[in-house]
2 protein chains.
Amino acid sequence: MSSALKRSKQLSEPTVARLPIYQRITDEWIRRGNIRIDSDTLGQLAGVQSATVRRDLSGLGPLGTRGSGYECILLKSRIDEVLGLDKRYDIIVVGMGNLGRALVNSRNFLTGNARLVGVYDSDPAIVGTEVAGLVVRSIEEPLLPATVGVICTPAEFAQDVADRLVANNTHAMLNFAPKVVTVPIGTAVRYVDFSIELQILEYHLTNGTGPLGGGVLHTLGITAPGATANA
Amino acid sequence: MSSALKRSKQLSEPTVARLPIYQRITDEWIRRGNIRIDSDTLGQLAGVQSATVRRDLSGLGPLGTRGSGYECILLKSRIDEVLGLDKRYDIIVVGMGNLGRALVNSRNFLTGNARLVGVYDSDPAIVGTEVAGLVVRSIEEPLLPATVGVICTPAEFAQDVADRLVANNTHAMLNFAPKVVTVPIGTAVRYVDFSIELQILEYHLTNGTGPLGGGVLHTLGITAPGATANA
DNA sequence: GGATGTGAAGTAGTTCACAGCC
DNA sequence: GGCTGTGAACTACTTCACATCC
């Protein structure tokens, strides 16, 4: 068991998904010159209720100050610590098509200590070219050691890539291929599937859930607030 | 209230998110020459329990046959109907940076009846160029009518774009910018945030949830099955 | 006074287990 | 016999409401 867990209890998945949002907001709040932030403000900006914020943060150990809220710097560093962002992560991306290339070149992809160490493709026309400062390797080559693998291949290769990642001792993966993959227990997989997102939106457009609460959807555990209704 | 809802009760958000997966699997199952599929098989392939499959599908009205499972063609068309995929959807994408371009060129993005009608950017060097068969319009121009808007701008412009989409009568949006946006009730927003996904994975790597159940994560309501453990 | 942290209550989602139907 | 559909039980998550502490 890691040191971060010693001070924090087991966090629920929705809570874990909200922590990066709180962190991003706190960051921005600091940049605007604030010292503290309270659960109400944080909730407003994150689109969740203040009680949810407090419940989430209470899982990180003693943190807030009754009467004045959370000290921004402390909050930020505690979230960093719990998420494990104070460590280094090596990432490899398999599949350098449109999406793979866009990802590795994207400003939003790599957070603090994540480092892109290798990119792979099967297409001989792409292998050997340079992407994001790295030479694209052939998928035939052995994979470099990495803690996180990103699957950007077509669906039909996703399972193969997942198997190879597992064999490579890479036990966390982000799968952009529209395919559910099977992995052994102990391996974490997150799915990002654009067409599913669109289809969910289309469901709500078709079955408009009525005047009240129709637009309040959840992704990553976030409730997009109905501004005009809340305010 | 739409016709699709007449035969189906209100579906929960996790259920809605799983329907596209069932559909994709059923499609593939048909392509392999099968006529029927049962909840057990469907669950296996989707990474959820068979009871969950049955509960999900029971919300679509009478569908299965006791003793022999679900008739593939019927299942597929019923899901299409409930999700509203039998209608046309016009989509506009704002922000033609790396990600926006990759998206509109991606094979996995546009489902059946979704049609890309307009793409926008603020950069004069990009406006006027052609992407995915469309000429990139200036963000200064009025937006084309559309049912779904996709936000691929940097975080600082996300709220502006969301506001303009709402003013444009576009009440469903997919937000790739790392920013929670505020919209009126009746507008649906889904978030796709790569760096949050990575941070969630990093949390699990750091706080390895132990030998048992460590790798079973949820996204879109999917449980990635532990193959070696289940089989 | 003011905001956190948390039992208790409420709500939502999943899983069990089996009656019902083919 | 086999598999769906669903009450009932269970588990997970959120929200309320307030005692607690600064």
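Naming: A, B, ... by sequence-line order, numbering from 1 per chain.
- The distance between atom CZ of A/R36 and atom P of C/dG2, rounded to the nearest whole Å, is 16 Å.
- Close to C/dT4, at under 4.0 Å from its OP1 or OP2, lies a side-chain N or O of A/S39.
- Between A/Q49 atom CD and C/dT4 atom P there is a gap of 14 Å when expressed in whole angstrom units.
- Within the 4.5 Å cutoff, no side-chain heavy atoms of A/N113 are placed close to those of A/K87.
- Set against C/dT15, D/dT6, D/dC13, the side chain of B/S58 has D/dT6 as its closest nucleotide.
- Salt bridge annotation for A/E28-A/R24: absent, with no cationic side-chain nitrogen under 4.0 angstrom from a carboxylate oxygen.
- The CG-P distance, from B/L63 to C/dC22, rounds to 15 Å in whole Å.
- Within 4.0 Å of A/L57, counting heavy atoms only, lies no atom of the nucleic acid at all.
- Rounded to whole Å, atom P of C/dG2 lies 19 Å from atom CD1 of A/I37.
- Phosphate proximity of C/dC22 to B/Y70: absent, as no side-chain N or O sits under 4.0 Å from OP1 or OP2.
- The separation between A/Q44 atom CD and C/dA3 atom P is 13 Å, rounded to whole Å.
- Here the side chains of B/M173 and B/V183 are in contact, with some heavy-atom distance below 4.5 Å.
- The number of heavy-atom neighbours closer than 6.0 Å to CG of A/L74, taken from other residues, nucleotides and ligands shown, is above 12.
- Rounding to whole angstrom units, CG of residue B/L75 and P of D/dT4 are separated by 11 Å.
- Following rounding to the nearest Å, A/D40 (CG) and C/dG5 (C1') show an atom-to-atom distance of 15 Å.
- Looking only at atom types and distance, the side chain of B/D56 has a donor-acceptor partner in the side chain of B/T15 under 3.5 Å away.
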**Q.** Base-contact (B) and sugar-phosphate-only (S) positions in nucleotides 17-22 of chain D, heavy-atom cut-off under 4.0 Å, - elsewhere
**A.** B-BBBB
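- Side chains of A/D80 and A/S77: no donor on one and acceptor on the other come within 3.5 Å.
- Atom CG in B/L42 sits about 20 Å away from atom P in D/dG2, given to the nearest Å.
- B/R78 places a side-chain N or O within donor-acceptor distance of the main-chain N or O of B/L60, the cut-off being under 3.5 Å.
- Listed for the A/T147 side chain is no donor-acceptor partner under 3.5 Å among the backbone atoms of A/Y89.
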Check the interface with nucleotides 8-11 of chain C: list each N/O to N/O pair with the protein under 3.5 Å, or write none.
| from | atom 1 | to | atom 2 | distance (Å) |
| --- | --- | --- | --- | --- |
| C/dA8 | N6 | A/R55 | NH2 | 3.1 |

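- Partners of A/F109 according to the ring pair (Phe, Tyr, Trp, His ring centres under 6.0 Å) rule, which considers only residues two or more places apart in sequence or in another chain, do not exist here.
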